Amino acid sequence: MAMSFTALIVVGGALVVGQTVGLGEPPGCVATAMIAGARANVPVTADSQQLRARIDSASSSAQAAERASDRRERRKRCVDALLAYADLAPEVYGRERGESEATRARQIAVASSLGVDAYIPPRAPLPAPTPEQQWERRRRRLVGHTATSGVFTGIGVAMLTVPWIVLAASCGPENLCEGYGAIWLSGFGAPIFVASAIPLGIWATRLHRHLRTLPPGLALSRGRARLGLSGSGFRLDF
């Protein structure tokens with residue numbers, strides 16, 4: 001734990017100092033641009049009201065840092081804004097990019113709390129995804145849900161049918177067999193089948209409807225699915 005915290009301080013300090021020395025742009029609390037980018041990625045809906053309220057609270061801290069004349073107060077407010085942004089980033093950007101943004105914000109906050117001013121030019125924001133990229137992202141998500149439901153449905157069907165087929169093949173008029181094992185496996189297979197067949201139908205229907213909204217000029221990849229190893233486990237590409 002001590003080693004990881006020390007590494008975090010070193011990386012954060014190097015990041016802040018490197019950006020401050022390497023870029024001679026006008027200063028400003030880095031959290032201001034971060035929070036503005038997060039607000040732009042959250043649609044105005046009834047479901048997003050709570051998240052947008054947290055973004056507004058973080059923005060208030062960043063604005064207070066911009067207005068503060070005392071350097072210590074300015075640093076404290078900017079650190080508060082950075083930590084608030086780190087907490088909400090995964091909800092705004094999703095797990096992978098959100099965790100990266102949160103780690104970066106915490107690194108800068110740690111370095112700033114040790115005396116390095118967090119008034120540095122922020123990095124350029126990532127470009128917003130195009131409608132085609134958003135469509136493809138949703139297609140992959142629907143394919144993943146459909147495939148997962150299909151796998152569990154297949155497991156349920158196998159547990160319902162295979163034991164009885166094996167039992168019927170191994171028993172005859174002169175060799176009576178008890179089907180306790182088949183009954184036991186069917187008792188597990190039936191709930192799995194029911195619990196996965198309904199989501200399979202729902203996800204397959206959504207996928208079919210989504211494929212009908214293919215944007216003009218977007219070529220749909222028909223490659224085969226590939227299962228491979230990644231840094232955290234197995235990865236399915238389709």
Side-chain angles (χ1 to χ4, degrees), residues 37-38 40-52 86-104 125-170 179-238:
N41 278 273
V42 177
V44 181
T45 63
D47 295 334
S48 66
Q49 288 182 356
Q50 186 175 1
L51 179 57
R52 291 185 66 85
D87 290 337
L88 59 86
E91 298 182 44
V92 174
Y93 297 109
R95 180 178 178 181
E96 184 174 353
R97 181 184 171 188
E99 290 180 354
S100 175
E101 290 288 326
T103 299
R104 174 173 172 260
L126 296 177
T130 63
E132 290 78 11
Q133 291 173 331
Q134 294 177 350
W135 186 93
E136 178 64 18
R137 186 179 303 170
R138 176 167 173 78
R139 182 193 72 84
R140 289 178 177 271
R141 185 164 57 247
L142 291 174
V143 169
H145 287 304
T146 304
T148 303
S149 300
V151 169
F152 282 100
T153 302
I155 293 174
V157 171
M159 294 179 68
L160 282 171
T161 58
V162 172
W164 294 103
I165 295 174
V166 173
L167 182 66
S170 60
Y180 295 116
I183 294 174
W184 184 79
L185 288 174
S186 298
F188 281 96
I192 295 176
F193 172 76
V194 173
S196 57
I198 296 176
L200 175 62
I202 294 174
W203 291 116
T205 301
R206 292 181 179 178
L207 177 61
H208 175 70
R209 292 176 179 173
H210 184 65
L211 292 176
R212 295 176 61 182
T213 64
L214 179 68
L218 179 62
L220 181 61
S221 175
R222 298 290 183 179
R224 296 181 179 180
R226 297 184 301 275
L227 180 64
L229 290 173
S230 64
S232 57
F234 290 99
R235 177 178 178 180
L236 178 64
D237 295 324
F238 46 83

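Below, all heavy atoms of this structure are taken into account, side chains as well, without hydrogens, waters or symmetry copies. Counting from 1, the numbers follow the sequence of the chain as shown. Since we're looking at a predicted model, the values are computed, not measured.
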Report summary line: In this structure, CD of Glu101 is separated from CG of Leu88 (nearest 0.5 Å) by 10.5 Å
Query - Value rounded to 0.5 Å, distance of CD in Glu132 from CD in Glu136 - result: 10.5 Å
Query raised in the report: Can you name the closest pair of heavy atoms from Val42 and Ser48 and give their distance?
Result: CG1-CB, 3.7 Å
Requested in this report: Taking all heavy atoms of Arg52 and all of Pro43, pick out the closest pair and write down the distance.
Outcome: CD-O, 4.0 Å
Report summary line: Value for CZ (Arg139) from OG1 (Thr146), rounded to nearest 0.5 Å, stands at 11.0 Å
For residues 202-211, dump all side-chain donor-acceptor pairs below 3.5 Å to protein atoms at least two apart in sequence or in another chain.
residue : atom : partner : partner atom : Å
Thr205  : OG1  : Gly201  : O            : 2.7
His210  : NE2  : Trp135  : O            : 2.9
His210  : NE2  : Trp135  : NE1          : 3.3

Query raised in the report: Can you name the side chain to side chain donor-acceptor pair (under 3.5 Å) partners of Thr148, sequence neighbours left out?
Result: none
Query raised in the report: For the residue pair Ala89 and Ala102, what are the closest heavy atoms and their distance?
Result: CB-N, 4.2 Å
Report task. Measure across Pro163 and Leu185 and return the closest heavy-atom pair with its distance rounded to 0.1 Å. Result -> CG-CD1, 3.5 Å
Do any side-chain atoms of residues 190-198 form donor-acceptor pairs under 3.5 angstrom with protein atoms, and if so which ones, sequence neighbours left out?
residue : atom : partner : partner atom : Å
Ser196  : OG   : Thr153  : N            : 3.2
Ser196  : OG   : Thr153  : OG1          : 3.1
Ser196  : OG   : Ile192  : O            : 2.7
Ser196  : OG   : Phe193  : O            : 3.3

